Structures are given as C-alpha cells and as structure tokens.
Amino acid sequence: MEKIEPRLFDELKKALVSFGDKYFIGDELNRSQISNDLRAYNEDLLSKLFEIDFIKKKYLKNVAGQYLFQIDQLEEAILYDDYWDTSYTKYENRVGLTSNGKFIKDNQDVVLDFPFKDCVLTASMTKEDSKNGYDDAFLNEVIEKDEIDRLFDKKILNNARRYDVNGETNANSFDPKKDNLIIKGNNLLALHTLADIYANKVKLIYIDPPYNTGSDSFAYNDKFNRSSWLTFMKNRLEAACELLRADGAIFVSIDEKQEAYLRVLMNDIFGENNSLEIFHIQARYTQKSLNEKDDFQPVMEYVLAYAKNKTLFVPNKPYDEYDVSKFKWEINELTAGQEIELGGKKVHIFKKGEYKIKEQNVPTLKGLKETWASGSLLHGNTSGKFFNTQLSKRKDIDGLEVLYKVEGIGEDGLGYRYFTGPKRKNSIRGKFYSGIPLERLNQIKRGEAKKYRPIVNYYDFSGDFGNIRLEGNAPFNGGKKPEKMLKWIIELATKKNDIVLDFHLGSGSTAATAMKLKRRFIGVEQMDYIEYLSVKRLIHVIKGDKSGISKDVNWQGGGSFVYAELMPKNMGYLQDLISAKTFDEMHEIYKRMLFGIGESQEAADISFKADLHKIEWDTDKVKFEDQKRLLIKLLDKNDLYYNYSEIDDKNVQKLLSNSDYQFNKSFYEAGE
C-alpha cells in the first residue's frame with residue numbers, strides 16, 4: 001500500500017523545493033533540518049512558510065488583531081509525520097523515550113548540572129542540604145537551544161598545577177600527547193572544552209553516572225525526574241561521543257532501575273548495531289542480601305558497552321599463559337601392521353598390499369606404483385583434523401604426500417590415507433609427526449603465544465565491592481567502583497598509552513587505575529571534594545599506593561598529571577547563593593552580583609529578561625527560598641565560566657596569573 005502522508009507534507013514539499021536540497025534527503029523532507037531552522041527563527045524559511053495558505057490557516061492564530069505563529073505545534077507535526085487527529089497516538093510510527101511530549105532523541109533543550117556533582121539545579125543536592133530544609137522547588141533549569149550562544153564555547157582554565165614525583169608546581173604548559181589531565185568544573189561544559197583538543201582521540205570512556213535513585217551513598221541527591229535525567233544523560237553522551245576514536249568504546253555503569261531506559265537512549269545515540277554487550281556485575285554478596293528485611297534484594301549492577309563503530313573496535317580477549325612443559329615436538333616411526341592411538345582414536349597401519357585401492361584413484365608421487373603403508377582416520381575426528389591441518393603442511397619440508405580422502409575407510413565411510421614420500425628400498429615404514437607445529441612451539445617458549453578465552457557477560461566483584469572502603473586512601477565507602485573492576489574494563493578496551501576519559505570522576509578510581517595500568521587519562525569532576533579527595537588520591541598513587549590493583553600490577557609509584565579548573569564567572573555567584581543561610585548574606589551576594597568586588601571579581605552577567613527594580617527585599621513579604629530561587633534565575637547561564645575568547649580582555653587578565661595565561665595559550669594552541 002502506498003504511504004499516505006499528511007497534507008502538510010505535500011504543501012511543504014511544494015514550497016521548500018525552491019531551497020534546492022537544503023530541506024530534502026532524496027525525495028523525503030529533512031525533518032530535523034526544518035525543525036532546527038524553525039527553532040532558530042530562520043527568516044528565509046519563515047518567509048516561505050507564510051506563503052503557504054494551509055500553514056497560515058492552521059498555525060497562525062489571530063489574537064486581538066495580532067497574529068501568533070504556533071511554531072511548537074508546526075514543529076511537532078513535522079517531526080511526527082503520522083499524526084492524525086483521529087489516531088489513538090501521535091507516535092504510531094515510533095517507539096522511544098519522550099520528554100515533555102517529544103522524543104529524547106529530538107529534544108533540543110539542554111539541562112545543566114550546577115553547581116553540584118552530576119545533578120541538575122540546586123536544591124537537595126547534598127544530604128546536608130536536605131537536613132537544612134531544602135526542597136526540590138528549583139530542581140533543574142532548561143535552556144532552549146536557540147537561547148544558547150556562548151555556553152559551549154571553550155573555556156579559560158585557571159589554577160593550573162602539575163603533580164609528579166617531585167611534588168606540586170605551577171603548570172604553564174601542556175602536552176596533550178603525554179600529559180594526564182584533571183578538570184574541575186561542570187562536566188557538560190568541560191566536554192565541549194575538551195573537544196577542541198581531544199576530538200576523535202579518546203579510546204575508552206568509562207562513567208559511573210548518578211543512578212537517579214535517591215539512595216546513592218555519594219554526598220549528593222541523585223533523585224530527579226526521569227525525563228530530566230534522560231535529557232541530562234543525552235547531552236553529555238552526545239558530547240562525549242565526539243571525543244571517541246573511530247575504534248573507541250564507552251562503558252557506563254547503571255543499576256536495574258535505569259538500565260532499560262539508558263539502553264534505549266544509548267541505542268539512539270550510538271546505534272543499536274554498535275552495542276557490544278550488557279555486562280552483569282555482582283556487586284553484593286547473596287548471603288548478605290538474604291539476611292535483610294526486604295523480600296527482594298538486588299545484588300547485580302550493569303555495565304552497558306557500546307563501540308563508536310563496532311566493525312573497528314577490537315577487544316583485548318582474556319588469556320591464559322601456556323605451560324611450556326606440556327608441549328613437545330617429536331617424530332615417531334610407524335610400522336606396518338601396528339595399531340596405535342592418534343588423537344584419542346585407534347589407528348591401524350596397513351601392511352603392504354593389505355588394503356587395495358584402484359590405482360587411478362590414488363594421487364601417488366612420481367614413479368610410485370604400489371600402495372604404501374597408510375593410516376585410517378575418521379573424517380572430522382581429532383586425528384583427522386590434526387593430519388589435515390598440521391601433518392599435511394610438512395609436505396614441502398619433508399616430502400610428505402598430502403593427505404587425501406579414501407572411500408570405504410572408517411566407520412562412516414570416510415577416511416584419510418597418508419605416506420611419507422619416495423619409495424625406500426625394502427621399507428614400508430612411514431613417519432608420524434606428533435605434538436604441535438615447531439613454529440608454534442617456539443612462539444610458546446618465547447612467550448608470544450597466548451590461549452585466548454571468550455569475553456563473558458557476568459563477573460563477580462562482590463568481594464571487591466565489599467572491601468572498597470579505604471581503597472586508594474579515598475573514604476568514599478560504597479559510592480565508588482573497585483579498581484579490580486575498572487582494571488577489567490580498561491584492559492579489555494585499551495592498550496598502553498591509550499586515553500581513558502571519566503567525566504563523572506568522583507573519588508578518582510578510574511584515573512588511579514588508568515595510571516597504574518600505564519594508560520593516559522582525563523577526569524572531570526565538579527564537586528569541591530575533587531581537591532581533597534580525587535587529587536589527593538592520585539598524589540597517593542604517584543607516591544606508590546599499595547591498595548587496589550597495586551599488587552597485581554606490581555605498582556611502585558611514578559607518573560604525573562595536570563590539574564586545572566574552568567574559570568568561574570556566574571558559577572561563583574551561583575555557588576555562593578546556594579550556600580547562603582540568611583537574607584543578609586544573600587543580599588550581600590546580590591550586591592556583589594551587581595557591582596563585583598574590586599579587581600578580584602567582576603559583576604555577574606544578569607539575564608536580559610530581568611527587571612531588577614521589581615526585586616523585593618522585605619522579609620515580611622518574601623520567603624527566603626523564593627528569593628534564592630529568583631536570584632539564581634537572574635544569572636545568565638551562558639556565562640557560568642569565562643570563555644577563552646575573552647582571555648585577552650584587560651579585565652579578565654587582571655584575574656589570571658601569568659602562569660595560567662601561558663597555560664591556556666599552550667593548551668589551546670596544541671589543538672590547532
């Protein structure tokens with residue numbers, strides 16, 4: 001049956017053909033391109049649309065003599081082309097995750113996570129906040145795509161420091177080919193900053209994002225609306241994908257509550273055909289769970305693994321070292337009339353003339369006129385495979401005739417005959433080569449040969465999770481992943497000197513494990529504990545940390561990394577507002593937002609939508625939480641951090657040290 005399209009599509013095709021191929025993919029409308037230009041209020045597109053009577057009738061509304069263009073309704077009709085007013089669902093042609101009436105894949109909104117780890121906006125971020133009476137009144141802030149102009153520009157980095165075996169020094173240079181990097185700042189904006197240097201260069205991304213449960217042991221609240229969580233994840237995963245090498249992969253830890261939703265989202269972003277595996281990770285002892293009060297106790301977590309291009313990603317399979325003493329190479333003489341065992345099968349060595357074959361069916365050596373001593377091997381059995389794949393290859397070396405199939409030999413009527421070359425006078429003996437090929441034996445002796453095992457999708461790390469409390473001298477308790485688990489992932493997906501990225505760094509487990517495995521790493525963390533937890537852990541690794549996988553890899557210390565921060569602008573004011581406890585404290589912050597503090601801090605960038613004259617400070621009329629929420633909304637989220645394009649501005653240079661200025665020039669020039 002021919003597809004029946006809505007009339008809207010017929011009208012659009014007739015009108016938009018004047019733009020050439022811009023709004024078409026073959027004969028079909030490029031709905032995504034039309035949607036993007038609608039949201040950007042592209043003047044050429046809108047002018048053309050207003051020429052279409054059907055659109056003017058359906059999507060222009062006259063209100064008090066003024067016409068309003070219902071752009072959201074038009075965009076929705078274009079994106080979901082099987083929408084009929086009489087349908088039970090406007091999504092009859094698609095299945096997927098939705099947020100605010102749109103598929104997550106089509107969602108152009110950006111959900112920002114400030115100012116705390118891995119969450120959207122502010123209230124109940126930490127356990128302490130909850131105790132102090134915060135609620136979720138301003139859980140997140142959505143910024144429309146067409147309102148974003150400077151948000152994703154690369155940022156100025158400050159407070160850059162280098163750590164190595166000699167201690168801490170100011171960093172005034174950066175080499176992306178050898179330096180490890182830790183960044184403090186919003187991970188979404190940090191990913192866009194990293195793209196300038198690391199696009200298509202990262203081999204492995206591993207993240208342990210918020211599970212959206214509300215019971216995580218991290219010092220932040222990770223429970224927020226699922227559609228917000230999915231949009232939060234979408235924007236970061238899309239940015240991260242741009243950093244992956246063509247042969248790279250991403251591994252994401254998650255629990256059973258969000259695993260199915262995250263899998264659908266990652267199928268959208270990376271492609272279902274690039275899914276590598278869903279790994280099942282036992283994180284708790286079953287015995288412990290059985291003693292707890294709930295009837296059902298989960299003991300498993302999951303790791304979703306996707307390649308950027310599955311055809312290019314080659315995993316490093318686990319292997320066992322060969323025991324050289326078990327392998328040999330020898331030559332045995334075979335005597336006519338003898339019965340021996342080859343490959344677990346009894347083989348009879350025929351006497352001359354004992355078994356007759358028509359001469360024309362026997363491919364003998366030149367001048368050979370008689371049947372020689374032969375062995376009978378069943379087709380496909382162990383002995384047969386050995387002779388066919390190994391013994392026959394000795395022909396060019398020893399003059400051994402190639403094995404050939406003989407009808408009527410063996411229980412299934414198929415067998416093999418072999419003999420050893422030119423006729424030797426008065427001899428009917430042949431040679432049988434046992435063991436493994438000499439070349440392979442030498443490889444094993446040199447340690448070059450390995451016995452590879454398949455990659456399974458279940459791993460028991462319950463013991464490692466149970467003993468994780470003090471691993472890395474980082475007391476994060478149950479909120480971190482064991483180094484042994486991370487070692488398994490890193491060794492599966494990378495080789496030495498490959499880059500590993502973790503933009504939910506937490507206690508620094510991924511970076512610490514990568515350093516011990518001689519991989520390069522990039523870590524991003526927004527919480528203040530990055531300095532006294534993540535950075536200190538890595539310093540401990542440099543000094544020779546003995547916990548985690550150190551014994552397994554014989555870690556003796558060494559290595560280095562560079563630490564830097566996205567230079568805060570409005571982010572500093574935002575964090576101050578969140579921490580404010582009284583009206584007076586909040587009022588002082590507001591004054592600084594308007595006027596700055598001398599040369600140490602510039603005034604905040606205030607949203608152009610705000611009417612500052614209407615802000616009320618009468619505590620009898622305004623609630624504390626409402627005032628805090630209002631001041632936070634005043635801040636222009638495009639200017640959370642200083643953009644690199646501002647680095648030569650005199651007012652910005654006053655806030656930067658000479659060392660940081662040189663570091664930024666070195667960092668970004670390396671990517672040019």
Side-chain angles (χ1 to χ4, degrees), residues 176-178 180 191 194-195 197-208 237-254 262-263 265-281 302-322 389 436-437 439-440 442-444 446-459 461 481-503 509-511 513-523 549 552-553:
K177 294 182 179 179
K178 65 178 183 180
N180 298 310
L191 287 171
L194 290 169
I197 311 298
Y198 290 101
N200 304 308
K201 292 181 180 178
V202 174
K203 185 62 168 66
L204 169 67
I205 296 173
Y206 169 78
I207 56 171
D208 181 18
L237 290 173
E238 286 178 336
C241 184
E242 298 302 313
L243 302 180
L244 276 177
R245 282 169 29 179
D247 62 344
I250 180 170
F251 287 62
V252 183
S253 285
I254 200 68
L262 181 60
R263 194 192 321 175
L265 178 62
M266 294 186 74
N267 282 345
D268 266 352
I269 295 172
F270 295 95
E272 187 173 0
N273 58 317
N274 286 319
S275 174
L276 296 173
E277 186 55 83
I278 301 169
F279 293 101
H280 297 65
I281 308 298
Y302 305 90
V303 174
L304 305 186
Y306 284 76
K308 188 169 186 178
N309 185 333
K310 192 173 182 178
T311 62
L312 299 178
F313 176 74
V314 180
N316 301 311
K317 291 183 180 180
Y319 63 86
D320 297 313
E321 294 289 350
Y322 282 111
T389 61
I436 63 174
E439 180 182 355
R440 182 70 169 169
N442 290 333
Q443 286 181 332
I444 292 173
R446 293 194 299 266
E448 298 172 0
K450 296 178 175 65
K451 182 167 57 175
Y452 291 98
R453 291 178 276 123
I455 299 171
V456 298
N457 68 348
Y458 167 77
Y459 293 87
F461 291 111
K481 294 296 186 285
E483 288 187 11
K484 186 175 179 181
M485 173 185 151
L486 297 170
K487 175 179 181 289
W488 155 67
I489 292 174
I490 292 172
E491 288 186 332
L492 186 154
T494 68
K495 298 184 185 300
K496 287 185 179 179
N497 295 318
D498 283 341
I499 299 175
V500 178
L501 166 65
D502 183 351
F503 53 90
S509 300
T510 304
T513 308
M515 183 180 285
K516 294 177 183 180
L517 294 173
K518 302 289 197 304
R519 270 66 168 179
R520 290 185 292 153
F521 59 84
I522 304 169
I549 64 168
D552 294 339
V553 301

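In this text, all values refer to a predicted model and were calculated from it rather than measured experimentally. Throughout, residue positions are numbered sequentially from 1 according to the sequence presented.
- Under the ring pair (Phe, Tyr, Trp, His ring centres under 6.0 Å) criterion, Tyr198 pairs with no residue, sequence neighbours left out.
- Every residue meeting the side-chain contact (heavy atoms from CB on, under 4.5 Å) condition with Lys516, not counting sequence neighbours, appears here in chain and number order: Glu483, Val541, Asp545, Ile549, Ser550, Val553, Trp555.
- Rounding to the nearest 0.5 Å gives a distance of 11.0 Å between CG of Leu244 and CD1 of Ile499.
- For Ser253 against Val303, the heavy-atom pair with the smallest separation is OG-CG2, 3.7 Å.
- Residues forming a ring pair (Phe, Tyr, Trp, His ring centres under 6.0 Å) with Phe313 (at least two apart in sequence, or on another chain): none.
- Between Pro176 and Ile197, the closest heavy-atom pair is CB-CG2, 3.7 Å.
- Between Asp498 and the choices Arg520, Lys203, Lys201, Arg245, the side-chain hydrogen bond (donor to acceptor under 3.5 Å, both in side chains) rule is met once, by Arg245.
- For Asn457, the side-chain contact (heavy atoms from CB on, under 4.5 Å) test picks out Glu277, Phe279, His280, with sequence neighbours left out.
- Pairing each heavy atom of Pro318 with each of Ile455, the nearest pair is CD-CG1, 3.8 Å.
- Once rounded to the nearest 0.5 Å, the distance linking CD1 of Ile250 with CG of Leu276 reads 11.0 Å.
- Closest non-hydrogen pair, Leu517 versus Lys496, comes out as O-CG, 4.1 Å.
- Scored by the ring pair (Phe, Tyr, Trp, His ring centres under 6.0 Å) test, Phe251 finds no partners at all (sequence neighbours excluded).
- Between the side chain of Asp247 and the main chain of Leu312, no donor-acceptor pair closer than 3.5 Å is present.
- For the atom pair Tyr306 OH and Asn273 CG, the distance stands at 10.0 Å (nearest 0.5 Å).
- Lys308 contributes no side-chain N or O that, together with a main-chain N or O of Phe270, makes up a donor-acceptor pair within less than 3.5 Å.
- Between Asn274 atom CG and Ile269 atom CD1 the span is 12.5 Å, to the nearest 0.5 Å.
- Phe521 and Ala514 make their closest contact through CB-CB, 4.0 Å (heavy atoms, listed as atom of the first residue, atom of the second, distance).
- With values rounded to the nearest 0.5 angstrom, Met485 atom CE is found 7.0 Å from Asp208 atom CG.
- Between the NZ atom in Lys484 and the CZ atom in Phe461 there is a gap of 6.5 Å [rounded to 0.5 Å].
- The salt bridge (Lys or Arg N to Asp or Glu O under 4.0 Å) test applied to Arg263 returns Glu259, not counting sequence neighbours.
- With hydrogens and angles disregarded, no donor-acceptor distance shorter than 3.5 Å links the side chain of Lys487 to the backbone of Thr513.
- The two atoms that bring Leu237 and Met266 nearest to each other are CD1-CG, 4.0 Å, heavy atoms only.
- Between Leu501 and the choices Val202, Ile207, Leu204, the side-chain contact (heavy atoms from CB on, under 4.5 Å) rule is met once, by Val202.
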Working for side chain to side chain donor-acceptor pair (under 3.5 Å), residues Asn316 and Lys495: CA-CA 8 Å; Asn316 301 311; Lys495 298 184 185 300; 2.9 Å; yes
